[in-house]
Amino acid sequence: MPCRSCRDCGIFWVFSPILTPYQLRMKTDELREKYLAFFETKGHTRVASDVLVPTWDPSVLFTPAGMNQFKDHFLGKVKLDYTRATSCQKCLRTGDIDNVGRTAYHHTFFEMLGNFSFGDYFKRDAINWAWEFLTDKKWLGINPDRLTVTVYLDDEEAGEIWAKDIGLAKAKIERLDEGENFWPASAPSQGPDGVCGPCSEIYFHPDEGKSVEIWNLVFTQFNRVGDPPENLRPLPSKNIDTGMGLERTVATLQGVPTNYHIDNLMPIVQAAAEVCGVKYTLDSDAGRRCRRITDHVRACTFAVHENVYPGANKEKYVVKRLLRRAVLDGHQLGLRDPFLFKLVPFVVEAMRSAYPELTETTERVASVIQQEEANFFGTIDAGLNRIDRVFEDMRKENRVKVEGGVAAELYQTFGVPPELFEALAAEHNLTFDWEGYTRAMELHGEASGKVQHTVMGAKGPLDSLKHALHSTPFLGYETTEAAAVVKGIVVGESPDDHLCDQLDDLSHKAVRVVLDQSPFYGESGGQVGDSGKIIGKDFEFQVSDSHKDGQLIVHLGQLTKGVIREGDAVQAIVDTDRRQGIRRAHSATHILHHALQKHLGTHAQQQGSKVDCDWLRFDFTNLSPVTAEQISAITQDVNKHVDEAKPVKWETLPLAEARKQGAMMLFGEKYPDPVRMVSMGSFSKELCGGTHLDNTAEVEAFEVLSEEGVSAGTRRIVALTGPQATQYSDQVCTAVRSASETIGCAQLALASNVSDLLEKQRDLKKLLTSGGVLPNSDAGEMATNLSSEEPKPSQAKEILTQVAKMLSVSPLAVPERVVALNEEVLALRDRLAQRAAAGPLSADALLAEATKVGDVQVVVAEAPTADANLMRQLIDQIRQKVSLSAVLLAATEGDDKVTLVAGISKDLQALGGHAGNWIKPVAQALGGGGGGRPDLAQAGGKEPERLSEALEVARHTIANMIEGKS
RNA sequence: GGGGCCGUAGCUCAAUUGGGAGAGCGCCGGCUUUGCAAGCCGGAGGUUAGGGGUUCGAAACCCCUCGGCUCCA
């Protein structure tokens, strides 16, 4: 009985003989090439591997299979330039991540060979060619005796072809149910709805060990509609989608016991062992770790190469997790410093013949990995402290099992890996509650929200329109106003809503209208949708936003007058002012992109972008914050290009031609072919479907509002264009002028003056609390410098940014903050002046006014101009001089506040004196409250006019306290 | 996108939970010593990330902003 699923054959090689030098029959690069070449001879177009991280496809984070890049081909959504394709696709799946390294065949990153038919050939050819490729001496030449196949129970057609065409004995054709031989698995009974079909798998049987599934042929021929029975409708155009795991097939051809021993993975495994300082063996803990490191570093290398850096969400998070798992393996093997990055060159070397582009980014990739590694080692160090604390608590309470909940909490908040926790627990003879840990993590997963599954081919109200119209031609590149015909009206936004023939309800705010053609730009590529209006003979429709649904442009808005009917002839009019603002922002975005690459390096590629009316947000790759100087230089560079008034042109040309001309292409971006290329002067060429200016001069002005981090390795710039930029620039100048006037200094010297002012504030505060007085040299007003030289706008911005940083406020809040700061300094100076006038405060002076209660020296006095800290110091001095003493001082602050501090000497405390109890009734007499410790208490009140009354209370209270207790 | 944690001296961290901002290391000066993390004495160094609020009183409690860490999807 052949092994049906690789999930079962995890540890078979544990029993196989010790690793021996393998016989190389066919190299990995050779198989890859042969496969593609073979299907080329069968009329297939060789298609390059799609990117690993397809940002164009919201339904997946990583390319999970060879067919992914052909989804739209299968669904007939795109124009087919070919109906047969073959590819070798790099893929990444994390579903079986826990098995990586432990089993012979699991990977996260792997390559998938495939051949595809889009409504062209079907089962017969697919099966015959598969057999030919596998067994023909000219190709793989596998002994047919070593191969068996499986087919779906009800798939007579496939069974027939295997038996009759190929001539396989019946015993070699196994019939399996929908759980095994259907795609998606169990689709007929359990769904999901949509495209599906039976499949047929080919198994290889080695001399020893379990058999291996090396090729899966999927025959997509049905559309599932609801639950059985009769729920599988034949598709008008049937497709073929096959997948042959490259590593796995090579492993069988090379006769090695695990994929990790094939010719292009073994060198990485060996390198990992060397870096980790262990001897690699097949069946050992260290061996498993080396294989896991190999897999994960390969995955990380490809991901980082595509500018997906380890981060906090989505695909970035997956990369981070992969990287950390590998690093943790190294840590468990005793490493304490970054090591993974050293393996990057080995990955590149192994993969370069198929992916030569890797060699261009090796250094950057290694450095990104190294940095993240260093971070994680830091996290581990911090985690060790926390773990020690947990152990300490457990020792105190005599517990021996690490609670899963505690481990989960430590993991969730501080990233302390549970494996590490467990290992350390074992060293302390403590056990670890994995079950509780898993439970707690599941709870956390639920609390963090569920994922919304997007079902392939889900139906909405616009789908019938999509079939009828296919697409809405966009006229907006040439015009902002056009005649059109209403093709569809939908009220409401939920998928349950349906098309209606006409609408007269003016109250609906979310009405969608589709026209046969439109000048409105539907939101896409980061550019917001147009607004405007659609006017018919007897109605008016206000368009608040436009977006794209498939190839349709959907106008979203509200009917403001009359009745709109399907079939009405209308005039579609875009709000041109807003459109112009969007064009300014979009063209400026391209110029900015160019400037960033020029000033920061070519890695500073677009990660995301949003273009609105004279407002743009641009995310890009950069490891560190962009400095103020760089921002300034970039801003000037952008404005220089604006001033140079370069023409903006666009043309539609073949993708290959655009690439040849050096157009900027982004990883993960899916470009149509032919493609629209926007170029500005000779400095910028980008593939872009957005609306642009005719000349860079129309941008008018460009100002950066902010630069900030959005996640590790990604920075975000928000900027303004046109009138918005000019206005902002004016505000900046005004702010600098106003702040300078406040403190009476030259605008160009604002930064140093604010810095001085801050220093002054600190000095005065210190002086006030230490009981000093204003030195004569400081008595005068700050020298005013009325030099009225205006800074240039770019200077003003630099000055303001600098000052804003000093004051920790946003730039435009600087004037307000400077006013407050200035007032505070004046107030401080004022109080110090008062103190100087009132004469010095000293412990001796206060003691001179002390009264004696028994043997105790009691001081109850006003200490005008002192603050709480100074009063404490005076009390300390008195307590040091007189061993039996009680002191209570009061200071009024403004019109509505009194501060009290009371102290009791140590000897008096021993006799029962308590400062807290003393001060309470006094504070109450002032309409306040307070308290403190026996030796020192602090309180306050809000009625200074009752101060003398309160001081009487103080004298009585302390007298009673001393007499009562002693 | 959602959850959790943190931000105190140059560094690592305390602060009896709302009552006087500290320790160790490092730094500077002096003395004593020439042994490997030397000893002793003295000193500087703080807007407790920033802003607002509650309170007689906030490092601590509440809100906002900034920065960092971390998990989940």
Side-chain angles (χ1 to χ4, degrees), chain A residues 58 61 94 310-318 320-321 324 372 375-376 378-383 385-386 389 407-418 437 440-453 625 706-712 757-766 769 804-810 813-814 816-817 820-821 824-825 828 867-876 879 890-893 896-903 915-916 919-920 922-944 950:
Chain A
L61 296 179
T94 55
N313 42 36
K314 303 209 166 157
E315 64 278 359
K316 289 169 194 287
Y317 181 64
V318 173
K320 178 171 169 177
R321 209 169 51 174
R324 293 195 165 200
E372 177 62 19
N375 284 347
F376 186 51
T379 300
I380 289 179
D381 280 344
N385 285 330
R386 306 205 175 266
R389 267 183 245 170
E409 197 186 333
L410 239 53
Y411 180 50
Q412 286 161 20
T413 49
F414 304 110
V416 178
Y437 169 80
M441 286 309 288
E442 274 166 11
L443 231 60
H444 175 61
E446 278 166 32
S448 298
K450 290 276 175 237
V451 68
Q452 316 87 315
H453 288 285
S706 65
E707 189 275 347
E708 63 193 352
V710 46
S711 65
L757 201 56
L758 282 167
E759 199 179 334
K760 181 110 322 181
Q761 180 201 30
R762 210 168 57 216
D763 291 348
L764 292 176
K765 267 189 180 171
K766 202 178 274 182
T769 58
K805 203 174 170 191
M806 266 187 242
L807 298 171
S808 311
V809 291
S810 66
V814 161
E816 197 187 338
R817 186 85 186 85
L821 178 64
E824 194 181 345
V825 168
L828 285 168
D867 70 348
N869 197 43
L870 182 53
M871 288 191 278
R872 273 194 296 263
Q873 285 177 29
L874 290 167
I875 288 169
D876 274 348
R879 282 194 300 200
T892 53
E893 220 178 299
D896 55 352
K897 212 172 149 186
V898 184
T899 302
L900 304 169
V901 182
I919 209 168
K920 252 178 210 160
V922 185
Q924 275 158 14
L926 290 165
R933 303 184 314 253
D935 64 320
L936 196 108
Q938 190 180 335
K942 289 184 263 196
E943 300 167 29

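What you see is a predicted model, and the numbers here were worked out from it, not measured in a lab. Below, chain A is the first sequence line, B the second, and so on; all start at residue 1.
B:C13 and B:C62 have their C1' atoms separated by 27 Å, with the value rounded to a whole Å. Distance noted for atom C1' between B:A59 and B:A21: 8 Å (whole Å). B:A14 and B:G24 have their P atoms separated by 16 Å, given to the nearest Å. The separation of B:C69 from B:C25, taken at their C1' atoms, amounts to 24 Å, rounded to a whole angstrom. Comparing the same atom, P, in B:A49 and in B:A9 gives a spacing of 8 Å after rounding to whole Å. Nucleotides B:A23 and B:G42 place their P atoms 12 Å apart, quoted to the nearest Å. B:A38 and B:A44: their C1' atoms are spaced 23 Å apart (whole Å). Rounded to a whole angstrom, the distance from the C1' atom of B:C56 to that of B:G18 is 12 Å.
Rounded to an integer number of Å, the gap from CZ of A:F414 to P of B:C13 is 11 Å. Note: CE (A:M871) to P (B:G57) measures 13 Å, nearest angstrom. Remark: C1' of B:U70 and NE2 of A:H444 are 9 Å apart, rounded to the nearest angstrom. Atom-to-atom, CG of A:L926 to C1' of B:G57 comes out at 14 Å; the value is rounded to the nearest Å. One interatomic measurement links the two molecules: CD of A:Q938 to P of B:U55, which rounds to 16 Å at whole-angstrom precision. Atom CD1 in A:I380 sits about 11 Å away from atom P in B:U70, given to the nearest Å. Across the protein-nucleic acid pair, A:R933 atom CZ and B:A15 atom P stand 16 Å apart, rounded to whole Å. Distance A:I919 CD1 to B:G19 C1': 10 Å, rounded to the nearest Å.
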For A:K897 and A:L926: C-alpha separation, side-chain torsions, deciding distance, then whether side chain to side chain contact (heavy atoms under 4.5 Å, CB included) applies. CA-CA 9 Å; A:K897 212 172 149 186; A:L926 290 165; over 6 Å; no
Candidate pair A:T413 and A:R386, rule side chain to side chain contact (heavy atoms under 4.5 Å, CB included), full reasoning: CA-CA 11 Å; A:T413 49; A:R386 306 205 175 266; over 6 Å; no
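Pair assignment for B:G7: B:C66, on the basis of Watson-Crick or G-U wobble contacts that are both within less than 3.5 Å. Of the nucleotides present, none pairs with B:A59 by Watson-Crick or G-U wobble criteria with both distances under 3.5 Å. Here B:A15 sits opposite no nucleotide as a Watson-Crick or G-U wobble pair (both hydrogen-bonding atom distances under 3.5 Å). Across all strands shown, B:G42 forms a Watson-Crick or G-U wobble pair, both distances under 3.5 Å, with B:C28. Both distances falling under 3.5 Å, in either a Watson-Crick or a G-U wobble arrangement, place B:G1 opposite B:C72.
With distances taken from any side-chain atom of A:R872 to the nucleotides B:G19, B:A21, B:C5, the minimum falls on B:A21.
Taking only side-chain nitrogens and oxygens, A:K942 never comes nearer than 4.0 Å to OP1 or OP2 of B:U55. Of the side-chain N and O atoms in A:K897, one or more sit less than 4.0 angstrom from OP1 or OP2 of B:G57. When the side-chain nitrogen and oxygen atoms of A:R324 are compared with OP1 and OP2 of B:U70, one or more of them lie within a distance under 4.0 Å. For the OP1/OP2 pair of B:C69 and a distance below 4.0 Å, the side-chain nitrogens and oxygens of A:T413 include no atom meeting the criterion. Contact between the side-chain N/O atoms of A:R386 and the OP1/OP2 oxygens of B:C13 is not found at any separation under 4.0 Å.
In this structure, the separation between CE on A:M441 and CD on A:E409 is 11.5 Å, given to the nearest 0.5 Å. A distance of 7.5 Å separates CE in A:M871 from CD in A:Q938, rounded to the nearest 0.5 Å. The structure places OH of A:Y437 at 10.5 Å from CG of A:L410, a figure rounded to the nearest 0.5 Å. Atom-to-atom distance recorded for A:I875:CD1 and A:R872:CZ is 8.5 Å, nearest 0.5 angstrom.
Remark: A:E943 CD is packed, more than 12 non-hydrogen atoms of other residues, nucleotides or ligands lying under 6.0 Å away.
Nucleotide B:U17 is shown with a syn base, its glycosidic torsion being within 90° of 0.
A:T379 comes within 4.0 angstrom of sugar-phosphate atoms only, judged by non-hydrogen atoms across all strands, and of no base. When heavy atoms are screened at a 4.0 angstrom cut-off, A:K320 is found touching the sugar-phosphate backbone but no base atom. Residue-level contact check: A:G415 touches the backbone only, with heavy atoms under 4.0 Å from sugar-phosphate atoms and none from bases. Nucleic acid contact for A:A923: none, since no nucleic acid atom lies under 4.0 Å from a heavy atom of the residue.
When each of A:N375 and A:R879 is assigned the nucleotide of RNA chain B with its nearest heavy atom, A:R879 is the one assigned upstream, toward the 5' end.
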